[in-house]
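Structure first, then comments.
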Amino acid sequence: MPAPQAPANSTPLIPILQQIHTEAQALFGQGQVADYIPALAQVAPRQFGMAVALIDGSTFATGQAHTPFSLQSITKLFAFVLALKLEGEGLWKRVGREPSGAAFNSMVQLESEKGIPRNPFINAGALVITDILTSRYAHLDIAMLGALRRLTDAPDLSWNGHIAKSERETAHRNMAMAYFMKSYGNVLNPPELVLDNYCRQCAIEMNCAQLAQATMFLAHNGQDIDTDARPGEQFLSPSDARRVNALLLTCGAYDAAGDFAYRIGLPVKTGVGGGIVAIVPGRGTVAVWAPELDAKGNSVLGAFALERLTQLTGWHHG
Ligand code: GLU
């Protein structure tokens, strides 16, 4: 990461991030690390990192912004973008685009809605997206890592085998959902194979600085920005980037999406590893990580840090 420098918009990001870091530490102990995936329960709870990347290429960080963590549901964003690039509008025959208002791993809506998940960012929806990608790629993990390594300029980016195995061995609810959706014809591949791919995807690790860089195309009309390693490219069309941001705003924080929109007002994706990524369209991206979660599975310190950042900078959606 380049040394901190004054951002082009002259917002004093370095003291703002330092202030947020100090304030956030008062919230340690208010949440709990995810423990339904046994390997995640081993993560030290009192950790906090935050990185801001701006579209002019400058980056700013505080705390453990370079410590890798388990992306978990944040990968649903990347999987969805890959599927959207491949399938286009046809995708919407198999998954909806409405907030679920239910827990990330809830199955209650699936029966009345005939195996069509509410959106791609809850587990059921992500399993359908994984099924779509499984039909397209013989080695989905390699395809996914290839895209993410390019976006982050990190050739060693990978998934954590210990966490993937731990989730796979305890994925009873996700397996049940995959079989249930298969009964409606909305999972085409063997559920075991879909779950193998899904658990590897969830176990991908990145640090905050990498996550901010990887999502930059969403802040920049679908276009990745130039880095020291390579020129930027149009990763997604500008209209699709706008649509993805709209979905993140309405569906990116499980059944707390409304609360996040109210408090933070930015497109976000959260994960039970304690990470949150937020998009500030036209300006940049913010990644924050703190493993202690609230009852809905969102990072306590992460949500606080994003709320404070929007208060202190005036950044908002649109
Ligand atoms: N791998 C997790 C699961 O399927 C992801 C959940 C999350 O991050 O919300 O339960």
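All residue numbers refer to positions in the sequence shown, counting from 1. Only this structure's heavy atoms are used, side chains among them; waters, hydrogens and symmetry mates stay out. For ligands, and for the atoms within them, numbers begin at 1 and follow the listed sequence.
Nearest heavy atom pair, residue V95 against residue N119, reads CG2-C, 3.5 Å. For A303 against F260, the heavy-atom pair with the smallest separation is CB-CZ, 3.7 Å. Residue K296 comes nearest to D255 through the heavy atom pair NZ-O, 3.4 Å, listed as atom of the first residue, atom of the second, then distance. L86 and R136 make their closest contact through O-NH2, 3.3 Å (heavy atoms, listed as atom of the first residue, atom of the second, distance).
One finds no salt bridge joining E87 and R94 here, because no Lys/Arg side-chain nitrogen approaches an Asp/Glu carboxylate oxygen to under 4.0 Å.
Under the ring-ring contact (aromatic ring centres under 6.0 Å, His included) criterion, the residue pairs touching residues 272-309 are F69-W289, with sequence neighbours excluded.
Residues K76 and Y198 have side chains in contact (heavy-atom distance under 4.5 Å, counting atoms from C-beta outward).
Contacts between V272 and ligand 1 below 4.0 angstrom, taking non-hydrogen atoms only, involve backbone and side chain alike. By the criterion of a heavy-atom distance under 4.0 Å, neither the backbone nor the side chain of T270 is placed next to ligand 1. Contacts of S73 with ligand 1, taken as heavy-atom pairs under 4.0 Å, involve both backbone and side chain.
Heavy-atom contacts of Q72 reach the following atoms of ligand 1: 1 (N), 2 (C), 5 (C), 8 (O) (cutoff under 4.0 Å). Every atom of ligand 1 is numbered from 1 in the order shown, and the set under 4.0 Å from a heavy atom of G271 is 8 (O). Those atoms of ligand 1 that come under 4.0 Å of a heavy atom in Y36, given as number and element, are 2 (C), 3 (C), 5 (C), 6 (C), 10 (O). Using a 4.0 Å cut-off to heavy atoms of C202, the atoms of ligand 1 that qualify are 1 (N).
Using a 4.0 angstrom heavy-atom cutoff, N174 counts as in contact with ligand 1.
Backbone and side-chain nitrogen or oxygen atoms of K76 are examined, and none is located within less than 3.5 angstrom of a nitrogen or oxygen of ligand 1.
Atom 4 (O) of ligand 1 has as its closest protein heavy atom Y198 OH, 2.6 Å. Among all non-hydrogen protein atoms, the one lying nearest atom 9 (O) of ligand 1 is Y254 OH, 2.2 Å.
Tested against L127 for a side chain to side chain contact (heavy atoms under 4.5 Å, CB included), the candidates I122, N197, N186, L195 yield a single pass: L195.
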